[in-house]
Structures are given as structure tokens and as C-alpha cells.
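Single-structure report; data block below.
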Amino acid sequence: MKTKNLIVSFLVLMIAWLLLNWTIDPVNIVIGAAISLFLSVVFCSNCDLFTSINLTPKAFAYTFMYLVVFIVELIKANIDVTKRVLSPSLPINPGIVKVKTKLKSKMARLILADSITLTPGTFTLQVEGDTFYIHWINVDNEDVEKVTEELVAKFEKYLEVLYD
Amino acid sequence: MEIMKLVGAIMLLMGSFSLLISAIGLLRMPDVYNRVQTGTKASTLGAIVSFIGVGLYKYDAWSDGNWIGRVIILIIFILLTNPVSSHVLMRAAYFMKVPLSKLTKVDKLKEDIDNNVIKEPGNE
């Protein structure tokens with residue numbers, strides 16, 4: 001859908017402009033809006049990057065909740081890494097496991113793979129369609145369904161609402 | 001704003017600690033895969049916390065000297081690019097047959113390539 005692409009790319013550019021300038025001077029905002037509109041019309045009128053984003057109020061709420069879950073997981077990941085690195089016996093138990101995702105859109109899969117990379121002990125090694133191969137620093141399970149439940153489900157339930 | 005400077009300095013210290021952990025992890029881990037893991041996670045949070053620290057240290061309401069907005073943009077770029085670049089590093093290492101450590105318990109990707117469930121890239 002063309003208008004949705006325009007709206008999302010315009011908003012992204014506009015927010016970047018405002019953050020970089022950090023001022024609420026009206027002249028500045030008008031210039032930024034004009035440039036953002038021009039760039040999004042010229043470069044993103046045919047791109048399919050944002051086509052699968054849902055722009056509903058529920059999706060905004062879920063974006064926020066997703067960010068909270070993500071930041072908590074990121075901090076947990078670091079505590080986990082710190083413990084493993086500093087303990088003298090180096091308690092690792094690595095392996096490569098397989099998970100399957102229900103998500104269809106490319107963007108949602110990209111975000112899911114990035115999130116898996118930044119959560120405790122897991123790292124996306126290879127993506128083949130709906131199958132992710134994950135390097136896991138502490139393998140306690142090899143079954144595809146159980147690993148999926150443990151690693152992917154917590155992000156998937158938010159991303160399902162954000163992208164269709 | 002002395003209190004802002006104090007909080008910013010503490011956050012910079014925490015970020016440096018996280019980066020130190022990532023460096024120690026690089027030295028201690030047994031193989032390239034575990035090294036990339038510790039490197040990515042600790043350095044991502046270390047960079048983010050350091051950036052927030054710098055932003056708070058230079059905090060100055062709505063003036064031009066304020067770095068908060070620029071710092072937020074930097075954090076977004078770090079979050080978008082750091083996992084992707086590390087993923088590419090690890091994937092390249094795997095398909096160049098860099099050996100996994102002896103501690104490795106299971107390798108589903110090798111099983112699937114051997115059973116022809118998926119194709120190895122570059123060998124079509």
C-alpha cells in the first residue's frame with residue numbers, strides 16, 4: 001500500500017530530523033517536514049519496506065510493550081554473560097538448535113532474529129524461510145517445539161500484532 | 001546541573017564495565033561462536049549505556065549543545081546494525097567450516113545440511 005509507506009517513511013525521517021536538531025523552532029520544523037516529504041515521495045513511493053506494518057492503536061501499545069520486554073531481556077542477557085565470563089569454571093554448554101516461527105513478513109522476521117541475537121545466550125546463525133538456526137550457549141533442550149516455546153514465543157506474541 | 005553530570009558519569013562507568021566484560025569474554029571463550037556471542041551482547045549494552053551517560057553529562061535543556069537527540073539516534077543505529085553485522089560474521093565463520101568447540105553438544109544445522117533438508121549457500 002503506497003500511502004502507508006509514505007506515512008511511515010515520512011515519520012521516520014521527521015523524527016530523525018527533530019532528534020538531530022533538538023529544537024522546536026517553527027522554521028526548522030517546516031524545513032524538516034518539506035525535506036522529509038520530498039525524500040519519502042522520491043525514494044519510498046515504491047519501496048515495500050513498511051507494507052506489512054499495522055498502524056492501529058493496539059499496534060502502538062504493543063510496540064511499547066515489545067520495547068519493554070526487549071530492554072528487560074537485553075539487561076538479563078548482560079547479567080548472564082557477565083556471570084559466565086567471570087566465573088572461573090566457564091560454565092558453557094553450547095550447541096546449534098532449530099526453531100520455527102509463525103511470522104510471515106520479512107520485517108517481522110528480521111526484528112525477531114535481531115531480538116534473539118540480543119537475548120540471553122542465543123544467537124541467530126542462519127535463517128531459512130521460517131526456520132531459524134540458533135547458536136545457544138547453554139543448550140538444555142533439543143526438541144524444536146520446546147526450544148521455540150522457550151526462545152521465540154515471548155517476542156512472537158507482540159510481533160504478530162505489529163505485522164501481518 | 002551537577003546531579004546530571006554525576007548520573008552521566010556513573011552510567012559511563014557502567015558502560016565501560018560492560019565493554020570490559022565483552023573484552024574478557026573474547027579472551028576466555030573457547031571458539032569463535034561463543035566469542036561473537038559475548039562480544040555482541042556486552043558491547044551492545046555497553047555502547048548504549050555509555051551513550052546515555054554522555055547524553056546526560058552534556059544535558060542542557062533545549063539549547064543547541066544538547067546531545068540527547070543525537071544520542072538517541074546513535075542508540076537506534078547501534079540496535080539495528082550490531083546484531084546484523086555479528087550475525088553475518090558468525091554465519092561466514094560457520095560456512096567457512098571454522099571448527100566448533102569440543103564442548104558443543106548438538107549441531108542441527110549440520111544435520112540438516114547432511115540430510116539435504118536445506119542447501120549450503122555457495123554450493124548450488
Side-chain angles (χ1 to χ4, degrees), chain A residues 12 15-25 70-71 74-88 90 92-99 110-111 113-129 131 133-142 144 147, chain B residues 17-18 21-31 33-34 36-42 44-46 48-49 62-73 76 79-84 86-87 90-91 93-95 100-101 103-113 117-119 121:
Chain A
V12 169
I15 290 170
W17 171 269
L18 288 177
L19 286 175
L20 277 172
N21 278 288
W22 202 254
T23 148
I24 37 175
D25 178 22
F70 175 74
I71 290 168
L74 183 59
I75 293 169
K76 261 162 63 184
N78 276 272
I79 296 170
D80 181 75
V81 164
T82 310
K83 264 192 221 153
R84 282 180 207 285
V85 167
L86 291 184
S87 60
L90 204 64
I92 59 168
N93 194 11
I96 295 167
V97 293
K98 190 159 104 167
V99 300
L110 169 73
I111 295 179
D114 270 11
S115 308
I116 289 171
T117 297
L118 291 173
T119 51
T122 53
F123 201 106
T124 314
L125 178 55
Q126 170 72 319
V127 179
E128 286 280 343
T131 312
Y133 294 88
I134 292 178
H135 183 267
W136 195 2
I137 212 166
N138 188 21
V139 178
D140 56 17
N141 215 319
E142 291 173 25
V144 175
V147 176
Chain B
F17 177 72
S18 201
I21 291 293
S22 119
I24 298 174
L26 281 182
L27 287 174
R28 289 203 67 200
M29 287 296 169
D31 65 354
Y33 307 96
N34 294 306
V36 172
Q37 279 231 28
T38 47
T40 311
K41 287 184 229 304
T44 307
L45 192 74
I48 290 172
V49 173
W62 285 96
S63 86
D64 199 33
N66 201 323
W67 288 15
I68 292 272
R70 281 155 240 190
V71 157
I72 293 171
I73 294 220
I76 292 171
L79 276 180
L80 286 178
T81 55
N82 214 347
V84 178
S86 314
H87 156 74
M90 197 196 255
R91 186 170 175 276
Y94 188 88
F95 289 114
L100 287 134
S101 121
L103 296 164
T104 307
K105 275 174 69 183
V106 54
D107 188 349
K108 288 265 164 110
L109 183 50
K110 189 165 188 308
E111 284 169 25
D112 276 6
I113 289 173
V117 181
I118 61 165
K119 268 189 194 150

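Naming convention: chains lettered A, B, ... in sequence-line order (proteins, then strands); numbering from 1 in each chain.
Between Phe70(A) and Leu118(A) there is a side-chain heavy-atom pair separated by less than 4.5 Å. Looking at heavy atoms from C-beta onward, Ser18(B) lies out of side-chain contact with Val49(B) at the 4.5 angstrom threshold.
The ring-ring contact (aromatic ring centres under 6.0 Å, His included) search around Tyr33(B) returns His135(A), not counting sequence neighbours. With sequence neighbours left out, the side-chain contact (heavy atoms from CB on, under 4.5 Å) criterion links Leu80(B) to Ile76(B).
Chain A forms the most heavy-atom pairs under 4.5 Å with one residue out of Ser86(B), Ala93(B), Ser22(B), Gly46(B), and that residue is Ser86(B). Here Ile73(B) is the residue among Leu100(B), Ile73(B), Asn82(B) with the most heavy-atom pairs under 4.5 Å with chain A. By number of non-hydrogen pairs under 4.5 angstrom with chain B, the leading residue of Thr119(A), Thr122(A), Ile134(A), Asp80(A) is Thr122(A). Comparing Val81(A), Asp114(A), Leu110(A), Ile15(A) by how many heavy-atom pairs each has under 4.5 Å with chain B, the most go to Asp114(A). For the options Val127(A), Thr117(A), Leu18(A), heavy-atom pairs under 4.5 Å to chain B are most numerous at Thr117(A). Chain A forms the most heavy-atom pairs under 4.5 Å with one residue out of Ile48(B), Asn34(B), Ile24(B), and that residue is Asn34(B).
For the atom pair CD1 of Ile116(A) and OG1 of Thr124(A), the computed distance is 4.5 Å after rounding to the nearest 0.5 Å.
Within the 4.5 angstrom heavy-atom criterion, atoms from both the backbone and the side chain of Phe123(A) approach chain B. Proximity to chain B is limited to the side chain of Glu128(A), based on heavy atoms less than 4.5 angstrom apart. Using a 4.5 Å cut-off between heavy atoms, Val36(B) touches chain A through backbone and side chain atoms alike.
Here the closest non-hydrogen pair linking Met29(B) and Ile137(A) is CE-CD1, 4.4 Å. Minimum interatomic distance between Lys41(B) and Ala77(A) (heavy atoms only, all atoms of both residues): CD-CB, 3.8 Å.
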